[in-house]
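Below: one structure, written as C-alpha cells.
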Number of protein chains: 4
Amino acid sequence: MSIKVAVVGAAGYSGEELLRLLARHNEAEVKVITSRKYAGQPVSDVFPRFWGSDLKFTAPDVKTIAAECDAAFLALPHGLATEYAVPLLKAGVKVIDISADFRLRSTSKYQEYYGEAHPAPELLKLAVYGMPERYREQIKNADLIACPGCYPTSSILPAAPLLKGGLVSTEGIVVASMSGVTGAGRKVDLPYIFPECNESVKAYKPYGHRHLPEIEQEMAAAAGVDHEIAINFIPHLVPVNRGINSTILMNAAAGCSMEKIASAYEKAYGKEKFVRILPAGKCSDTKYVTMSNCCEIGYNYDPRTNKVILTSVIDNLTKGASGQALQCLNIMFGLEETSGLL
Amino acid sequence: MSIKVAVVGAAGYSGEELLRLLARHNEAEVKVITSRKYAGQPVSDVFPRFWGSDLKFTAPDVKTIAAECDAAFLALPHGLATEYAVPLLKAGVKVIDISADFRLRSTSKYQEYYGEAHPAPELLKLAVYGMPERYREQIKNADLIACPGCYPTSSILPAAPLLKGGLVSTEGIVVASMSGVTGAGRKVDLPYIFPECNESVKAYKPYGHRHLPEIEQEMAAAAGVDHEIAINFIPHLVPVNRGINSTILMNAAAGCSMEKIASAYEKAYGKEKFVRILPAGKCSDTKYVTMSNCCEIGYNYDPRTNKVILTSVIDNLTKGASGQALQCLNIMFGLEETSGLL
Amino acid sequence: MSIKVAVVGAAGYSGEELLRLLARHNEAEVKVITSRKYAGQPVSDVFPRFWGSDLKFTAPDVKTIAAECDAAFLALPHGLATEYAVPLLKAGVKVIDISADFRLRSTSKYQEYYGEAHPAPELLKLAVYGMPERYREQIKNADLIACPGCYPTSSILPAAPLLKGGLVSTEGIVVASMSGVTGAGRKVDLPYIFPECNESVKAYKPYGHRHLPEIEQEMAAAAGVDHEIAINFIPHLVPVNRGINSTILMNAAAGCSMEKIASAYEKAYGKEKFVRILPAGKCSDTKYVTMSNCCEIGYNYDPRTNKVILTSVIDNLTKGASGQALQCLNIMFGLEETSGLL
Amino acid sequence: MSIKVAVVGAAGYSGEELLRLLARHNEAEVKVITSRKYAGQPVSDVFPRFWGSDLKFTAPDVKTIAAECDAAFLALPHGLATEYAVPLLKAGVKVIDISADFRLRSTSKYQEYYGEAHPAPELLKLAVYGMPERYREQIKNADLIACPGCYPTSSILPAAPLLKGGLVSTEGIVVASMSGVTGAGRKVDLPYIFPECNESVKAYKPYGHRHLPEIEQEMAAAAGVDHEIAINFIPHLVPVNRGINSTILMNAAAGCSMEKIASAYEKAYGKEKFVRILPAGKCSDTKYVTMSNCCEIGYNYDPRTNKVILTSVIDNLTKGASGQALQCLNIMFGLEETSGLL
C-alpha cells in the first residue's frame, strides 16, 4: 500500500525534480499534479524526460487533492502556498511546503523580508522546519512541513553542530554562497538567458536576501541563544545548472580544535545517510552531490585568524528543495527515510 | 620608433594574452618570443588565433634578448623568472615579471609560502609592485616590475582606498574569490579537464594560499600600518574560462558612510581609465570585464553587521596578468597608458 | 575626418558588438544609437562594458539620422528594417542592413520563407550582398548593403571557391551547423534560459530554415548555375555564447583533388585578411575565431564516399553579423578594410 | 540471490557510471573493482560520490574474479580488454566488454582501423553485439558481449528500422554527431582541459573514425545487404559533460512516408522501455536523456531533397556505454531488463 501524493505547482524545476524522485519511489504514488499554465497537458509534453508516464497536469483543486491524496507537496511561489495549505490541512491532507511561507517563526521578520503581513500566522506554530537531521522527531508527527531554503540547507547543516557544541561564536559569522542557475527557478527573464549567465560570475543581494533571516533563526536555535543573531550572507550566481557551495567563516571559541569539530560532526551526523563529513582539511565540491540528496561538508581551521572555515555543497534542487521534502514525507509516513533518494 | 620587447615563456595563457594585446599595440613590437617546448615552431601553430603572424618561438637566450629588446616580459613559473631577471637586468633590459618572484618584500614570507629561500633577495629593493593605480610614479622609473597576482589585483584595488581613508578596519577582513580555470594556467592535470571542472564549484586552499601574503602586504601598505595584518582569503574554482570575482567584507570604521566611500573612490580612481566604480548598492559582474583591462567595483554597507561589502571583478589574464603588465610597460616607456589596451 | 554612423536598434547582441567594434575604429564615429525600449538611457546602463562612453540611446528618428550621419547600420528585426531603409536611402544615408530584408533576390522566396510579401521589392535591385570576399567591387559603390546571415557566412565562404572552380557538384550538398546561443539574439524566452541550454545539444528546423534560401542563392551564384539548387541545411544549438561551426559535405567532381582545392582557396582567399585556410586535413575550431572577424576553413577528402568535407568557423556576432557589416562600411567609404577589426 | 559482478578498469568515466548504476541495482552486487593505478584505495577516494561504499580497488586478477563473480564488465582500453576476456571466458565468467575489441566482425576492418591484427579472432564468432533492441535473443544466451560504441548506438538505433523496412537507401548516408567531453574518457591531455574545450565547437576525424566501420557494419546488417556500405560519419566535440546528438540524413526510398516511418518505429520500438520516438517533425534534445538509459529519436522528411532527417540523442556514458552494458547483464541473467536503469 502506497502513500498517495499531490504535487501542486509542478511545472517548475522543483516540481520536475519531485517527479523525477517520486518516479523511483516504491511506496509513494503521484495521484495529482497541478499547473494552471499547463492544465490538461501530459507531463511528458512539458518535461520530455517523463515520456511513458500517464500523468497529466490539472488545474489545482483542493477537493480533488483531499479526496485522492494523503499528502501534498506545494511547489508554489511564497504567499500562494498558504492559500492551498490552509484548506488542505483542514481537509486532513498533510502538507509539505517547499515555498518560504512557513520557514520563519517570526511574523515580523516575515513582514520585513517579504514586504507584507504573514497570510496565516496561526499556522506557524504548527509548522515544523523540514530538516530531518535536526528535527526528525518533530517531523514524524507533523502535519505541516516548512522545507528549508537551498542556501539555508547548505549553511545550517555544517554550522549547527559547531554552534550547538559551543565550538564557534555566533558573532561574526560570514556565509559566502555560490548557486547554479536553477536556483532562480524556471524564470524567463533577461538576466537568466544563457548568454547573460554563461561566462559570468557575480554576487547579488549582498545583504538582506530573504534566506538571511532563516539562516539566522536556525543558527541561533542551534546555538541555543534566545536573542537575535546577525550574520553576513552573500549569494553569488555561477554558470552551472545545479549545485550550491557555501563557504562559512566562524570565530573559533576557546578550546575549539579540529578534533573537537570532528567529534561534534560524528555525534551529529555519524549515522546520517545524507550528510558526508570530509576528512579534516579537505574542501567539498558540488560535482559530487549533484543529482543526489547529500550534503558534503569540509572543515578547516586557520590559526592566524582563529577562524573555522567550512565548505558545504548540496544540489539545490535535491537536498536544497525536493529531495529534502521527500525525505520528510518518508519520515512522516514511517517509510524508509532513503526511499526514492538513493 | 617603437619599443622592442621579448615575451619569455610565451606558451601559456598569460603569454598568449600578451601576444594578443601586443598585436594591437602601435608602439611596441614583439621581437623575441620564447618557449623551450615549442622552440622552432611558428606561434600560429601553437595558438592558431595568430595566423598571419611571422613570429616563431625560440629557446630563451639572454644574449639575444639583450641585443634585440628594450624590455622583457617574464611569463614563467616562480623561481625560474629570477634566473632570467638577473642577467637581463644586468644587460640593461627592463624586466616586467608576471611570476610571483618579486611581489613579496619580505624574504621570510617568501620562504614561508614558497618553501625555499628567495633566489635573489638583492633584487627585491629594486622591484616595483606593478599596479599603476597605486604605484604609477615608481613604475615610471622602474627597471624591474613585479606584476601583481590575479587575486591580489581583484582585492587590493577595491580595498586600498577605503583602508587608506581609514573608512574600514584592518581587522577581520574576509576575501572570498571565484576564479575561472585559466587562472590555473595551461596546466594539463586531472582536476582541470573539462568534465571535472564543468558543472563544479569548489573552494580550495581556504587558508595559506600563496596570494595571501601579497594581499596582506598591500592592504597593510594602503592602511599605512607598519605591523603585519592577517586576513582570510578563500579562493574558489568556477567553470568559466576567464574572470575573477572577489567579494570583500570589512568592518566599517566609525564615521564610515556610503558617501565617504564614494568620495574615497572618486579621489583614488576618478581619473583612472581601467577602474570603474559602480553606483552605490550595485554588484559587479565578470561578464562586463572579460577581454578588457578593467576592474569593476561595487560597494555596499550592511548596517546590521556594520560591514562594508565590496564586489570586484577583473579578467584574470588581462588586468590580472598580461594587461596590467602591458600597462606598466606603457608607463615605463612614456607611452600612452592605454595603448594596446582599449 | 571621420565617417559618422548611426546604429539603429542597438540594444541586441549585434548592436552591442557593433558598438564594441566601433569604439576601436579610428575613422568612424557613432553619432546616433537608437532603441525604442531604452530611449533616454546611457548605453553604459544597458551594456556596462561601455562605461565611460557618453552615448545615449534615442528613439529612432530618420530625420536626425539623416542630419547627422553618413551611414546607418540597421540591427532590427526583419520587416522593420525596410521601414527605416526606405526613407534613409531617400535622404542620402548609406544603409548597411544586418537584418534579412534584402538578402534574397527572389521576392517569391522571401514570401515563402518569411510568410509575407516583400515590403520594398524595388530596393532588391539596389542591394548588394555584403560579403566582401565575394562582392568587394559592388560594395564599393553600394548604397544599400544586405549583410549575410551568420549560417550563410559560415557556409558560403568555404563552399564558394570550390563550386566556382567546378571541383564539387551542386547536387547533394549537406550543411550541418552548430551555433552558440547569441545566434538567437537577446531573446527572453524559455528555451533560451541558462538551465535549458546548458548541458544541451539539439538540432532545430532541420529543413526550411530561413537561412536556407540564402545559402542556396549564393551557392548557385558561385557555381554559376542559373537554376535553383536544393541543399540540406541543419542547424543545431550548442551551449557556447559565440561561435558557429559549419560542417559541409559536397560530392567531389571528376578531377577534384586536395591540391586543386588548396589552389582554389589560394586564388580566392590568398590575399584576404579575414579568411584563414588551414593546412590540408585539419579541422577548424570556433575557439580560434571568437571575438575576431575571421573565418577559419579546413578541408578534407574522403575517398570512400568521394566527398569533400569542409569545416568552417566564425564568430556569429562578428564575421557573422556586425564585424562583416563594419568591413562593408570600411569598403564603402574607402577606409582601410581592417579598420576596427583587428 | 544476486548476480556477482566485477568491474575491470573502473577508474574511468564508464567505470564510475557502472558503479553508479549498480549501486541502485537490487539483484546485482559488485564484488570486485579493479584499477592498476588506484589498487588499494577505497573507491570513495577516487569518486567521492560513492562515500559510504566499502568497495576498494584491487589490482586486476583473473583468478579472484573467476572465484567470486558470475560476470565481468571490462571498461578497459581496446586491446587490453582481450587479455582479460580470454581467461575469464575460459574460467566460465560471462564477459561484457565495453571496449572496442569485439564489435567488428571483420578482422581486416579491425586491422585497418586499429592498426594491428585482432588479438583473438576466434572470439569474434562468440561475441554478440550488445544492443538489446536489435539482438535481445542472442544476448540471452551469450557468454561474450561486445557493447556498442557511443556514436554507433546513437546512430544505429534510429537508422536500423528504416533500413530494415526498405524506407531509405543505404547509399549516401550522412551522420553528423556531437559528443560531450566525457566521450573522450577521463583523459588528461591538453585538448581536454577546461579552457580548451569550453566555448569551443569543432569537428575531428571527419572520415575514418574508429566508430565508422561499426556503424557501417550494423547499418548493412539492418538493411540486410551482404556487401559493404560506405557512409559519412563526422564527429564533433561540444562543451557538455554528457550527451551525444546524432543527426542523420538518408535518401528516402520510393514509397517512403512519414506514416511508414512512424509505423516502422512503432514495430521496432513500440514495446521498448529505452527508446522514445518523438512525434513527427520534432527534434531530440540531449537534455532529456542525460543520466538515463534512453535514446530519443526524432524524424523529419525534406521533400525538396527527398531526405529523411533523423535526430537521435543518448547519454554517451549510459545508453552509450555502461547503461547498455548493464541492460545486457540483466538480459543475460534473466533479470528485469530495466533493473538499476530507471
Side-chain angles (χ1 to χ4, degrees), chain C residues 171-180 191 195-208 212 216 228 230-234 236-247 249 251 281-288 290 298-307 309-311 313, chain D residues 171-180 191 195-208 212 216 228 230-234 236-247 249 251 281-288 290 298-307 309-311 313:
Chain C
E171 302 285 313
I173 297 174
V174 171
V175 179
S177 297
M178 296 113 229
S179 174
E196 302 290 317
C197 288
N198 187 40
E199 295 296 294
S200 158
V201 185
K202 54 182 161 277
Y204 65 99
K205 266 282 184 196
Y207 64 99
L212 173 68
E216 290 176 342
E228 190 174 314
I231 73 162
N232 284 104
F233 163 60
I234 302 149
H236 300 74
L237 195 65
V238 292
V240 300
N241 277 359
R242 300 168 75 127
I244 285 181
N245 172 77
S246 285
T247 295
L249 291 96
N251 292 305
K282 299 255 183 187
C283 292
S284 52
D285 184 338
T286 59
K287 176 162 293 292
Y288 298 118
T290 44
Y299 60 99
N300 280 272
Y301 173 69
D302 177 357
R304 287 179 75 238
T305 57
N306 192 37
K307 296 276 184 191
I309 305 170
L310 307 176
T311 64
V313 291
Chain D
E171 302 286 312
I173 297 172
V174 171
V175 179
S177 297
M178 296 112 230
S179 174
E196 301 290 317
C197 288
N198 188 39
E199 295 295 296
S200 157
V201 185
K202 55 181 161 278
Y204 66 98
K205 266 282 182 196
Y207 64 97
L212 173 66
E216 290 176 342
E228 191 174 312
I231 74 162
N232 283 105
F233 163 60
I234 301 149
H236 300 74
L237 196 64
V238 292
V240 298
N241 277 359
R242 301 168 75 129
I244 286 181
N245 172 76
S246 286
T247 296
L249 292 96
N251 292 305
K282 300 256 183 187
C283 292
S284 52
D285 185 337
T286 60
K287 176 161 293 291
Y288 297 118
T290 44
Y299 61 98
N300 280 272
Y301 173 68
D302 178 358
R304 287 180 76 239
T305 58
N306 193 37
K307 296 276 183 189
I309 305 172
L310 307 176
T311 64
V313 292

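Numbered from 1 within each chain, the chains take letters A, B, ... in sequence-line order. From a predicted model like this one, the values you see are computed outputs, not experimental measurements.
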Any donor and acceptor pair, going by atom type alone, linking the side chain of K287(C) with main-chain N or O of P195(D) inside 3.5 Å?
yes
Counting heavy-atom pairs under 4.5 Å with chain D, which one of T247(C), V238(C), V313(C), N251(C) comes out on top?
T247(C)
Per the side chain to side chain contact (heavy atoms under 4.5 Å, CB included) rule, which among N300(D), D302(D), I309(D), V174(D) passes with I234(C)?
I309(D)
So which residue, H236(C), K205(C), K307(C), ends up with the most heavy-atom pairs under 4.5 Å with chain D?
H236(C)
Quick check for you: to the nearest 0.5 Å, what is the distance between E216(C) atom CD and R304(D) atom CZ?
4.0 Å
Region of L310(D) in contact with chain C, defined by heavy-atom distances below 4.5 Å:
neither
Report the option among I244(C), L249(C), T311(C) that has the most heavy-atom pairs separated by less than 4.5 Å from atoms of chain D.
L249(C)
Counting only non-hydrogen atoms closer than 4.5 Å, does S284(D) touch chain C with its backbone (N, CA, C, O), its side chain (CB onward), both, or neither?
backbone
Might you point out which heavy atoms bring P239(D) and E199(C) nearest each other, and give the distance in Å?
O-OE2, 4.2 Å
side-chain contact (heavy atoms from CB on, under 4.5 Å) against K202(C), all qualifying residues, sequence neighbours excluded
S200(C), L237(C), D285(D)
Would you mind telling me which of G172(D), P206(D), C197(D) has the largest number of heavy-atom pairs within less than 4.5 Å of chain C?
P206(D)
Picking from K282(C), M178(C), R242(C), which has the most non-hydrogen pairs under 4.5 angstrom with chain D?
M178(C)
E171(D) versus chain C, the contacting section by heavy-atom distance below 4.5 Å
neither
Closest approach of Y207(D) to P303(C) (non-hydrogen atoms, all atoms of both residues)
CE1-CD, 4.1 Å
Which one wins on heavy-atom pair count under 4.5 Å against chain D: G281(C), A203(C), A176(C), G180(C)?
A203(C)
For Y301(D), is it the side chain, the backbone, both, or neither that has a heavy atom closer than 4.5 Å to a heavy atom of chain C?
backbone
Just how far is it from atom CG of N241(D) to atom CG of N198(C), taken to the nearest 0.5 Å?
9.0 Å
